[in-house]
Undergrad: 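Could you have a look at this structure, given as C-alpha cells, before my questions?
By convention in this document, chain letters (A, B, ...) are assigned in the order of the sequence lines, proteins followed by strands, and residues within each chain are numbered from 1.
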Protein chains: 2
Amino acid sequence: MTEFPEDASPPQTDFDAFHQRLRGCYADLPKRLVQLADFVTASPDEVALGTVSSLAGQAGVQPSTVVRFARTLGFAGFSDMQAVFRDRLRVRNVAYRDRVNALHRVDGEPLEASVIFNGFYEAALDSLRALQAHLLPDRLEAAVTTLAQAQCLYLLGLRRSMPVIRYLSYLLAKLDIRHQIIGLETGMEEESFAHAGAQDAALVLSYTAYAPRTIELFQALEARHVPVISMTDNAASPVIPQSGLWLEVHEADFQGFRSNAASMVLVSTLAAAIAERRG
Amino acid sequence: MTEFPEDASPPQTDFDAFHQRLRGCYADLPKRLVQLADFVTASPDEVALGTVSSLAGQAGVQPSTVVRFARTLGFAGFSDMQAVFRDRLRVRNVAYRDRVNALHRVDGEPLEASVIFNGFYEAALDSLRALQAHLLPDRLEAAVTTLAQAQCLYLLGLRRSMPVIRYLSYLLAKLDIRHQIIGLETGMEEESFAHAGAQDAALVLSYTAYAPRTIELFQALEARHVPVISMTDNAASPVIPQSGLWLEVHEADFQGFRSNAASMVLVSTLAAAIAERRG
DNA sequence: TTTGGTATGGAATATTCATTCCCTTTCTGG
DNA sequence: CCAGAAAGGGAATGAATATTCCATACCAAA
C-alpha cells in the first residue's frame, strides 16, 4: 500500500514535461517546427500510433523535419519522443479494490479517490447499457413527435433531476427551441405553466423515491391536458402519463449517489431529435 | 464478412469481435497459444504498443509463436492483429460527425431518433472509456487533497461546462461543502471571488475551444494565489495551472454536441472524495 | 547585391522488426 | 514402441521505418 504524502510535489508525467518544454521554446521555433508543434499538441494519439512519414504527411512537412523536431526538443530521435506519447496511451489500471472493501473502511482511513472513481464509472456504464437495452425505438420516436409539435416545452424535474433539466434547457436554448423550466423558483411552480395547454407539451423526469411535489405538478399538467412525456424508472411510477408515452430509464447508484449518465444521453437525444424533426 | 443491417452503430467493435472469436476456439488451442491468449487478454495495451519480440518475451514464448497466434485467429499476420488493438486506443472525437453526415437526410427525411440516440450513447461510452484509460490515480489523489483543504471551493466553467458545474454545485450542497460558482451573473464574475485566497481552492473546467472569459478568470485566480485544479483536454491548454495539477478529460462529440459523461463522472468523484477525506 | 548562417527538402543509409522457413521436439493413435 | 502429425524453437530473410547527410533555398546583416 503506497502512502501518498500530503505535500508531495504534484505528479508530473514525461508528457507534461514535454509540453512545458514545448511551450518554453515555441516562440523561437522556425516555421515548420511550429507547424509540427501545433499538430503534435492537437493529435497526440497520432504521434503515439503513427510513423515518421505518416505524421509528416498529416502535418504537411518532410519526414526529416519530424526527426529534427524531436531532436530540437531534447530527444535522441523520433522514437525517443514517441515513447513518451505511447506511455501516456497505456491504460493505467486504476487501483480496483473489491467493492466490498470499498464499502467498508477497514481502518478508518478515507477511501482512495480512484476507488470512488471506479464506483461512479461503473454506475455510469451500467446505466448507459441498461438504457441501450431497454429503449424502445418506436416509443422514442413517438415521444419526439409529441415534443416536436409543441409550441412551448415545459420541463419538470426536481432535486436530483434538476441538473439534468438544466442541461436540457441549455441544449434547447442552443437549438433555439422555446421552453420553460418548472420549479426554478420554489412556491411559484404552478405560475410557470399558467398558460400551458394542449398545443404545448411537457417532459417530466422522476425516479424513485418520486418527489411528492413532482407528482403534484405532473397531475396539474395532465389536468390542463398538456401532453406529457415522462422519463421514469418503473411501469408503476406515479408520473406515467395517460397517453402511455413514457421512457424507461434506470440509473445505477454508487454509495447513495445516483448516476445521471443515462438521463443525460436521453435528453440530449430528445433535444437533437426535436431540432432535426423541425428541420 | 458479416452483414450488419445498421452501420451507423456497429453492435461491436473489431476488438470485441476478436475476443469473441478467441473465446470460441480457446479450448482447442495448443499450450503456447493458450499462454498467449491469456497474456493478450490480460494486457491488450502491450499488444497495441509492443513488438512481436517484446510480447514474446513477456508471454514467455517465441516470436514466431506470436505470429502463429495471429494467423490462427484469422489475421494475415501480427501487424494485422495489432491494428485492431491500436484502433481501440485511439480517442475518436470526430468519427461520429462523418458517420452521421453520411446518413443525414439522404432523401430529405429527418434522422431517426434511435440513430441519434446511438450517436450520443457511443459518444458517452467513448468519453468514459477514455477517462478511465487516461486518469492518473496519483494526480487524482493530489487534486482531492488540494480541494479538501480549501475553506471555500470556487467553481468555474462557462458555456458547455456550466451544466456540469451546476451539477457539482448540487452535489456539494448535498454534502454540505462550502462553495461558490463563478459566473452565475454575467459581468459580476470577479466579484464572486473577491475574498478568495491561498486558503481556498478553485476547480476550473474548460475544453476546446476554450472560452476567452474562462481563461481570463483562470488567470485572475492564479494571480490571487488561489490553488487551482483544472479539468481540460490538452496538455497545452491555456488553463493548466502552475502547480501542474490538471486532470485530462476527453469528451467525444456527436454532431457538434459534446458529451459531458466523463466530466460528470469525474466531478462526482471529486465531490464524494472530498467529503470522504473530510470525514 | 553579397555573404554567412540557418532552415528545409530529399535521397541514401542503417536499423529495427515482422515474417518465413526449416529443423527439432512433443504429442497422438495404432 | 513406433510412425505420423502437430507444435515449437530459432535463425535467415526481406520489408518497413528511423536516421543521417548533403545539396539547396531562404533570410538577415553588411
Undergrad: Kindly determine whether B:Thr208 and B:Asp233 satisfy side-chain hydrogen bond (donor to acceptor under 3.5 Å, both in side chains), including the steps that lead there.
TA: CA-CA 7 Å; B:Thr208 42; B:Asp233 55 8; 3.0 Å; yes
Undergrad: Would you indicate whether B:Arg159, at its atom CZ, is surrounded by more than 12 heavy atoms from other residues, nucleotides or ligands within a distance under 6.0 Å?
TA: no
Undergrad: Among residues at least two apart in sequence or on other chains, which ones pass side chain to side chain contact (heavy atoms under 4.5 Å, CB included) with B:Glu222?
TA: B:Phe218, B:Val228, B:Pro241, B:Gln242
Undergrad: Salt bridge check, B:Arg86 against A:Glu46: does any charged N sit closer than 4.0 Å to a carboxylate O?
TA: no
Undergrad: Between B:Asp253 and B:Arg160, is there a side-chain N and carboxylate O pair less than 4.0 Å apart?
TA: no
Undergrad: What pairs with B:Asp80 under side chain to side chain contact (heavy atoms under 4.5 Å, CB included), at least two apart in sequence or on another chain?
TA: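 For B:Asp80, the residues satisfying side chain to side chain contact (heavy atoms under 4.5 Å, CB included) (neighbours in sequence not counted) are B:Phe75, B:Ala76.
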Undergrad: To the nearest 10 degrees, how far apart in direction are the end axes of the helix from C:dT1-D:dA30 to C:dG30-D:dC1, each fit to five base pairs?
TA: 20°
Undergrad: Starting at CG of B:Leu221, measure out to CD of B:Gln219 and round the result to the nearest 0.5 Å.
TA: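 One finds 10.0 Å between CG of B:Leu221 and CD of B:Gln219.
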Undergrad: Between the protein and nucleotides 18-20 of chain C, are there any N/O to N/O pairs under 3.5 Å, and if so, what are the atom names and distances?
TA:
residue, atom, partner, partner atom, Å
C:dA18, OP1, B:Val52, N, 3.1
C:dA18, OP2, B:Val52, N, 2.8
C:dA18, O3', B:Ser79, OG, 3.2
C:dT19, OP1, B:Phe78, N, 3.4
C:dT19, OP2, B:Phe78, N, 2.6
C:dT20, OP2, B:Arg71, NH1, 2.4

Undergrad: Looking at residues at least two apart in the chain, or sitting in another chain, which of them share a ring-ring contact (aromatic ring centres under 6.0 Å, His included) with A:Phe85?
TA: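 A:Phe85 satisfies ring-ring contact (aromatic ring centres under 6.0 Å, His included) with A:Phe15, A:Phe18 once adjacent residues are dropped.
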Undergrad: When you check the gap from the basic side-chain N to the acidic O, do B:Glu248 and A:Arg88 get nearer than 4.0 Å?
TA: yes
Undergrad: Any N/O pairs under 3.5 Å between the protein and nucleotides 5-8 of chain D? List them or say none.
TA:
residue, atom, partner, partner atom, Å
D:dG8, OP1, B:Arg32, N, 2.8
D:dG8, N7, B:Arg68, NH2, 3.4

Undergrad: May I have the step-by-step check of side-chain hydrogen bond (donor to acceptor under 3.5 Å, both in side chains) for B:Arg32 and B:Gln35, ending in yes or no?
TA: CA-CA 5 Å; B:Arg32 288 290 129 108; B:Gln35 215 170 313; 3.1 Å; yes
